[in-house]
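Notes for the one structure printed next.
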Amino acid sequence: MVFNIFSRPSQQNQPAVSFTPLPGSFPEDNDNTEQPEQETILNAGVPRILKMCLYIPLTLLYYLLNILLTSVEVFKPIGKIFHFYTRKDNHFSDDLGNQFVNVIDVLSSSADTNEQSGYTFDTLYNVENGMLSKNMIKGGYTDILRRCSSDGKFAIISFFNPILYDPFEYVRKILTSNEFVECVTKYNCVVWFCDVTTPQGLQTANSLKIRQFPFLGALGPQRNNKMKLLARVEGQLFDYDFSHFEAKLASYYSVLVEIRRQRQYQEMQRLLREQQDSRYQESLERDQERDRVIEESQLKKKWLAWRKSVLVPEPSGDGCRVSIRLENERIIRRFDASLTIEEIYAYVALYRAGLLSDTSSENDITQEKPNYEYQYDFQLYSPVPRTRLEPTTVIKEERTIYPSGTIVVEFE
Amino acid sequence: MPSTNSVGVEIPTGLVQFPITKILMICCVGVALTASLFNMKYLFLLQYDPFIVEYGQYWRYFTFQLGSLNESDVAIMTLIWYQFRSLERLFGSRKYLNIVILSWAYTTVVIFLISNLLNKLLPGIWWDQYTNGPLPVILCLTHFYKQYTPRLYEFNIIINQPFLLHSNTIVWKLTDQFFIHGLLFLAMVNQGATGLVIGLISWICAILMDNGLLPGTDSFQLAPFKDSWNRSSSTLNRPSAVMTNDMTSEDLNEEEAEEPQDEPQRTLGVQFLDTFRR
Amino acid sequence: VTSQYEFIQLETLKSQLKYEYEVFRELSYDQNFRNITGLKLAYHDSKENPNLNATYPLPHKDYSSWKPNENYMMLPQDIIDKVQDNIWNRKQTLFPPNITSNLYGKINLTDNNKYTKIKMPIANFFDPPESFQDEKPADGEHYLAVDERGDAGNHGELHNVSWSYGIVDVSIQHLDSVENSLSLSPASISTGESQLGEDDSHWKILHLNVNFYNREETEKHSLSTKGIYDIWTGRILIMSQSAKFHSLFAFPHYLANTEKEFNQVKRLIEKYWNATNYAESLTMANLQHLSDEANTKCEYFGFLQLEPWDQFTPDQIRMIDEELKWPLGRPINRSNLPPIRLHNALLYSPDCGLSLELEDVHGPRYELQVRTIRIHLLLGVLLFLGQIYLLLCQMNFTNTPSSVNKISYWCLFMMNLVDGCLAMLYFLASPLLQELYLPLCISAFACFILASVFEIRYMISVYASQVNEQGVGILTLLRGGSEANTVVNRVIPDEASISSSLYGRFFFTLIVSIFILLSSLIWPKEIRTIFEYSVLVVLNSYWVPQICRNAVKGSDPRRRRQNGYQSLQNGDTNCIPLLWSFIIGTSVLRLIPIVYVFTYPSNVFRHDIDVRFAVLLSLWMLFQLLILYSQDLLGSRWFLPQHVIPDGYHYHRPVPQSILMEYGSQNNCFVCPICMVDVPVYVEETEETHKIDAQSYMITPCSHIFHTECLENWMSYKLQCPVCRAPLPPL
Amino acid sequence: MSLSETGHGRKAVVIRFANDTIADLQLDITNIDPTLVTTSWLRRMCRQLKPTETRGKRLRFIKNGRPLNSHSDLGIESFKDNPNITEMYIHGIIGAGLTAEELINEDNLDDDFSNTNENGTTQAIGFDRLRSVGFSEQEIDLLRQQFLATYGDLETMPNQQQRDIRQLEEQWMETGVNDPQGQQFNSIGIANWKSNMDLLIGLSIGSLLGVFSLLLLKQQGLFSQRQKMSIVAGLIFNIAWWIRSF
C-alpha cells in the first residue's frame, strides 16, 4: 500500500514521458532523444541508490507524524472543557461603543468622591448628563485616534484594570480632580476609557507599551497626522501632582495650535477647492443644460415631423368624433377607433406646434423614428366623469370619448 | 494609529518594571544551579514511599515546588515565567507576588491532603510519584492568565491527507496564546502522568481561588513587597523642565538598537573583541 | 607485545600463573603450598638455613598439613602471635561494609633485621633481552644478592627502612564496584557487584595503596596491593604482588581461621580470578610492572584491624552506605559519622625481614571527604566573586587617564599572576575528581573571568596611560634622578595592539609559572618548603610596587589637600588612586586561604601546620598597608630623603627670551589657547616681568604657555599638549 | 594688536567672528559706562565698523556658550575692575539675510527667539540650546549620537539615579573650568561600571547556562547589545570546557 502511495505521484509524470505526441506537433529531433538515453543510464544508478536510502527514513517520519496527528485529533474533544474561558469572550464581541459604556458604568459604580473637588466619577462622566460628556466619544480606540487627528485635539486615554488591589485609585486621585477637569475643558481634550481585560484594551495597551496599570496617557496629533504619546502616568501614585501632566500638554499645546491652524488651513483649502469645484460644477451643468435643451428641441422637432408623417389621416365615416377644447379654441376631429389615444395626444401636440397646417415637410419620405421618447407636456382629460385619458388605451375601449365625446387639454 | 509605530500585539519585551518576573526567573535558574553545585538536588525530591512513609520527612512537601530537578524543566519554567509578565502587569507587582505565594501555599496543602488521604485511607492505591518544580504554581497562574487576558486573534492550521482518518483534513484552531499553551503542555507532559494529574488539581485549585471558595486572592497581603520599589518613572515629580516624552530605558535599548552606526560598520569579529578590549 | 622474545616471556608468565592456579585449586585448608612462586619456603625453613634456595619439593618439608605457625607460614612466630593476639580480634561486631577512604597516620619501625630474610628467586624470563638476536628468554631463576638487597637503596627502595618514625597514608578502594585500576589486569570488572561480593556481608576484595615516608620525605616506600576485608571481624589482610611473590594464592591460608572461612575466601579468589580473567588478560606492561616491583621493592604482609562502628544498627549502616553512595536525603546525620580508623596495624616484609607498626591511622569516609572539599571550593568561589566586585569598584573609581596613570602596572600584574595560576590549576584539576567536576568548573570559570577578563582590561588601561612615560621609575628615584630627562615622544600605540601584547605576555607567564609550580611538587620537602615560602612572600607583597608608584608620582599629604590648595589642585586627582575598600578587601581576601592552609590542622590539602609563617605573612601584609596609609596621610614621598626626590619636569620656570622672540608677542604676554586670555610671563632679561609669579603660568616641554589652572585641568583629562598633542610628563 | 600695546589700564571687548576671514573687531570700552555696553550696542558698533560684512545680515553674539539677548548681562563691571584681564572675547555670528523691517527690530528678534524658549516652551537644554545659535538639525542629531555613543552608558552609574541624556549634555556643555567631577566625562571605556557589569552578567549566563542561554538570547529586549556579545563569549567558554572534558 505504501508503494502505491508513492508510486501514485511518480505514475503521474510517467505518462508524460510515454505521451504520444499530438498530431502535427514538431517531430522531436533526434539529438535530444539520444541525450536523455545517456542520462537515464547515468542517473539511473546514482539517484536510485539515493532514493532508496532516503526512502525509508522519510516514510517512517511520514507515518510517525500521521499517527501523532491522528492521536491529537482524537484528544481534541478534551479541549472542549476549556471552552468556558471562550464563553466569557463571546459577549465581548459586541461593538466597541457599548464596551465603552460598560466601562463607564463600572467606573461610576465606584462612587467615591475626590476630597478637594467633591466630584464623583458619575457626575463628570455620565454618558448622558455628565459634565464632560461632550468631551467623550463612544467608540473604539481607532475612532478616537481618527477623530482627534482630524480635529487636532488631545486624546486622554485611561485604562481601567478591575483586578488591581485598588482599581479606582486614578478615578479618586486624578480623574475627578479639579486640575484634570480644568485641563480637559481648557484644552478641549477627548476623553476615553477602556477596560484592559477586553481584547481591544489589551491590544491598545500593548501597542502603547504600557508596563503598569492603571494608566493615564495623553496623545497629541503630529504633523504627519499620526498620534504621538505625549505624557503617561502608569502604576501606583505616591505624591504625584497632576501639574506635570498638564505641563507636558501645555508644552505641546503650541504645536497643537499650530497643527490645528494647519488643519484649519487644510480645511480651508479643502473648502476653497470644494467651492471652486462646485462653482465649476454648476457652470458646467448650466451649459450642459443649455445644449441639452437645444438638442432636445431639435429632437422634438424631428420627432414631431416624424410623428406627423406617421399621423393617420382623418377617417371619413365611422371613426370616433371628438371635440378637443384648448385654452381658447375648439377642434373637432374624427379618429380611427382602433387607434390608441396616443394618436389624439400626437394630434394635439402637432396642432399646438402649428405643424399640421404646413405641408412642406410632407415630402421627406421615410423619416426614421429618432430614438427620442417624446414627453407630452400636457394631459388630456374627459370632463364628465373626470378621468385622465391614458395614451396607451385604445380609443374604442375608452367609453367616455367613444363614439364621441369632448376632451379638455390641461397643462401641468 | 499612535506614532509608536510597531503595532505591538504582544506585551512590551524586556524586564523593565517587571521585578517579580525577574526575581522568579533568576530564582528558577539560580536555585537549580546551586542545588546541583552543592549536590543537594535531592532536597526537591518528593516520593511517598521511602521519605514520607518511612522517614516522615514532611518538610519535602514544602520544598518540592521550589526547585526543579531536570534541566529541561528549568528551561521551560523560565520561559513560562517570562511569558507570565503580562500577569504581573495585570495584577500589579505586589498582588502578583501575593498571588504566587498564595497559590504555592494552596497547591502544597491540597496535594498534601490528597496524597495522604489517598495513601492512608485506600491502602490499595499507592500514589508515590509527585512532580518536582513549580508546575502546580504555574498551572494555578495559568487559570488567572486565561481568565483575564483575552484572545487577540485566532488562526487555523489545516493539515490534509492524513491517511488514517477518513476525513481528509484536520483543522487546528490556535489563538495568539498558542506559544504559552505549548509551553504549559510541554511542562505537564515532561513530568509524565502525575504531571497531568497534579496539573489538573492545581488548575481546579486556581478556579476555587478565583471565585472565592479558597479566600485570599484580594485580602492576602503578607508578602514583603513595597509598592514604591517598583514605582514607574512616570509618576516621579521630576522638574517640569525635563523633556516632553520621557524615555524609559527599555525604549533606550530599542533606540540604541536602531541608532544608525555613523562610523564604518565594524565587522562582527571586531565587535566581539571590542566587548573585551574597550 | 612487540617482539618474539616478549611474546615468549608473556606466554611463560601466563603458563606459570595458570599452573600455580591449578595448584591453588587443589589446596585444601590443611595442605601446605606446593610449587607457588614466593610461597615455597616457610619461615622456619629459612631460619634453619638462611641461604636455602626456594625449591620445590624440599626434602623434609611437610606439605600435607597446615598450621598457623612459623613452620608453615612465612611469618616468624612472634609476629604470628602478635597478629593473632593483639591486632586481629575474633569476636564478630559491626563494621561498615564500604570503607573507601584515605587514611593518614603515623608509622614506626619495630625492628629492622631481627628476622631472617626468606630468599625469593626471580624467574629469568623476566629479564629484558640483552641483544636483538636471542629469541628465547633464559629459563631458571636468580636470586637478588643479599648485599644487592642491602644497599640497593640507590636505585630503588629495596632496602630496610632507615628511619624509625614516619607518616603513612593508606587509600582504600573497593574492587567490586570500582573499575579495577590495578595495572595487573586492566580488564574492568564488568560483572558488577553481585558476582564478586556474593556473600556480600562477609568478604570484600580491596585495593590499597600504602605509602610511608619519613617526615623529611627523603625516603619514601609505596605499596599497591590487593587486600581482603572480613566485614564480620573487621580484619584486613593485604599482601604485595610481584614477580617473586604470587601472594594472590596465599590469602585463604593466612586469613582463614576455620575450614569454612578458608573455603569462602578460596571461592572468592577463584571468582576474582575468573571475573578479571586474571592470566589471560596480562600484558607486557603488567609483566614489566611485576618485574620492577620484584627487583626494587620488598614484599609486604599487612595485617590491619578496623575499629568497629558499634553505635549503629546493621540496617542503619546499610542506609548510611546507600545515602553516601547515592544521596537522596535519607535522615542520616553526616556531621557525626565516625571516621574510618585502624585500631592497630602491622606490616611485615618476609624477604627484607622488616616489621612496622601503624598508629592512629584514620580518615573520613571518601564521600564525606569529597563533601568537605566541595564546600571549600564553593567558599573559594565566593572569595573570587568578592574580589571581582572590589576590582569593579576600583575600576569605576579611577576612570580618568590621570587617575589610572597613578595605578602601578606591576601591582596588578602580581595579582593577575596568582589568579591566572589558580585558574589554570582548577582547569587542570577538574578531570581528576569526577564528583567535584562542577564545582571545579565553576571556580575555574570565576578565576578565569577575574584574571583574564577584568584584571587584564584594567592592566590595559593602566599600561595605555603609562606607555608614554619615560623611565621615571623607582630606579631613577633611588639614583637621585637628577639627570635631565630628554623629551622622547614615541608614537602612542593604540589600545588594540596593547591588549594583544598584554594577553600574549599574560598567557606566557602563566604557562611558565604553572610548569614551575607543578614541577615543585616533586622536589624534596625542604627545598619545596623554601620555594613555597619565598613564592608566597613575594606574591603577597603586591602593594610594594604601588607604594613605589605613589612615591614616583608624588602626592600631597591629605591635610594639605583638604584645606589648602583646593583651588589649585582641583578635585581629588592628587591622592592615593586606590580605594581603601579595595586595598583592605583584596588583602584580606587573599590572606584568608593562605592562613587557612597554614593554621587549620585538618585542612583539605594536608598541608603541614606552620602558624609562625602565617603570622609572619600577615604582619608583612599589615606593614604594607601601614605604609600605604602613611603615604596617604603624610604625602607619598615622606620617607624619601629630600635630595632624592626628582623634581620631575618643572612647569613653572622662567620663559627663555628665545621663545618670546619667536612668538613676537609685545610686552611679553602670550595668549593662553585654552581660555583665550593673555598670560603674563616671567622673563629673566626683561625686568618689569620679574614681579609676575612663575606659579601663575606653565610652560610645556614643547614650549607652549598656558595658565596653570587651564593646563592642569586639561592634564587631568589627557596627558597631551592641547596645541601640538606632544606627550606631557605628569605633574 | 592686543590692547596691552596701547598702554596700561585700557579695557577692550574683542568680537571674534565665526568665519575667520573677518578680522577681530576691537572695541575700547575703558571710558564707556558699563551699563551702556549691551548686545544692541555691540551690534550697532559692528554694523558701523564692519558695514560691508554685516550689511543686511543677522548678527548674533555668544559669550562662553550662551547666546546673548537684549537683557543678558555681559559682566562688564567685573571685567573692568579685574586688573589682570584686559580683553573680553565675545563670539559674533553673521547669520542669514534679514528683510528690512526685521533688521529694525533685530534686537527683540533676539529676545523673542531666545526668550521664547525661556518662558513659553521649556528652556531648551542640552544640545537643543545650540539650535538657537544656528546649528542645523542634523548637526545637533549627529552631536547627540556622538555624545550618546561615548557617554551614553554613563547614566546608569551605580550611585546615580537614572538621569536622562539631556541633563548629561547640559552638564557636558557646562564643564568649562569649574566642574569638580569633570572626570566623569572622559572615562575610559574599560573602567566603566555598567559595561563591566554587562560583561560579568553576560559571561556568567553564557557559560553557566550554555545552550539554554541561546534560547534566552532569542527573547528580544531581555539583553542589551553588549550583554549579548558577552553571552556568546560565555557560550564559547562553555563549549570549550565541554570539549576538553572528553
Side-chain angles (χ1 to χ4, degrees), chain B residues 26 29-71 74 108 112 115 128-133 263-278, chain C residues 315-316 319 322-334 367-368 370-382 433-443 445-446 448-449 452-461 463-464 493-503 506:
Chain B
I26 291 171
V29 177
V31 163
L33 199 65
T34 33
S36 63
L37 251 180
F38 281 86
N39 208 358
M40 310 265 271
K41 274 192 140 178
Y42 53 81
L43 284 181
F44 308 117
L45 187 65
L46 174 64
Q47 270 158 1
Y48 196 77
D49 179 11
F51 300 116
I52 310 291
V53 174
E54 284 170 41
Y55 311 124
Q57 295 176 329
Y58 285 95
W59 49 266
R60 284 181 181 273
Y61 277 103
F62 297 105
T63 59
F64 84 99
Q65 283 196 28
L66 299 184
S68 38
L69 291 184
N70 63 9
E71 279 65 29
V74 172
T108 317
F112 171 75
S115 69
D128 187 22
Q129 272 300 338
Y130 294 92
T131 68
N132 55 62
E263 84 247 15
Q265 183 60 9
R266 296 175 299 173
T267 64
L268 205 59
V270 171
Q271 270 176 4
F272 182 69
L273 284 180
D274 280 354
T275 49
F276 295 100
R277 274 201 303 247
R278 236 203 313 288
Chain C
D315 56 10
Q316 257 182 343
M319 186 165 74
E322 270 167 34
E323 176 65 10
L324 287 180
K325 187 192 296 291
W326 189 250
L328 277 179
R330 297 180 193 80
I332 63 163
N333 183 338
R334 278 188 173 72
E367 285 80 3
L368 294 183
V370 162
R371 186 162 165 268
T372 45
I373 297 176
R374 179 195 305 277
I375 290 169
H376 283 87
L377 279 176
L378 292 174
L379 289 181
V381 170
L382 283 188
L433 287 164
Q434 208 45 36
E435 299 84 358
L436 290 175
Y437 179 73
L438 199 54
L440 282 169
C441 274
I442 301 290
S443 22
F445 162 69
F448 178 73
I449 280 201
S452 90
V453 174
F454 288 119
E455 270 169 5
I456 286 271
R457 275 162 61 100
Y458 200 28
M459 281 160 69
I460 289 169
S461 57
Y463 187 83
D494 72 339
E495 263 178 31
S497 60
I498 294 178
S499 65
S500 41
S501 69
L502 280 190
Y503 268 113
F506 166 67

Turns out that what part of C:Leu438 lies under 4.5 Å from chain B's heavy atoms comes down to both
### Greater than 12 external heavy atoms within 6.0 Å of B:Phe62's CZ
no
**Study point:** Salt bridge C:Arg374-C:Glu435, side-chain N to carboxylate O under 4.0 Å
**Key:** no
Can you tell me if C:Tyr463 uses its side chain to pair, donor with acceptor, with the backbone of C:Tyr458 under 3.5 Å? no
*Using the ring of each side chain (for Trp, its six-membered ring), is B:Tyr58 parallel, tilted or perpendicular to B:Tyr61, with breaks at 30° and 60°?*
parallel
Most contact-rich option vs chain C, by heavy-atom pairs under 4.5 angstrom, among B:Phe51, B:Tyr42, B:Phe38, is B:Tyr42
- Message: Under 3.5 Å, is there a donor on one side chain and an acceptor on the other for B:Ser115 and B:Tyr48?
- Response: no
Honestly, the part of B:Leu37 sitting under 4.5 Å from a heavy atom of chain C is both
Whatever's closer than 4.5 Å to a heavy atom in chain B on C:Arg371 counts as neither
With chain C, the option among B:Met40, B:Arg60, B:Gln47, B:Lys41 that has the most non-hydrogen atom pairs under 4.5 Å is B:Arg60
Turns out that what part of C:Leu328 lies under 4.5 Å from chain B's heavy atoms comes down to both
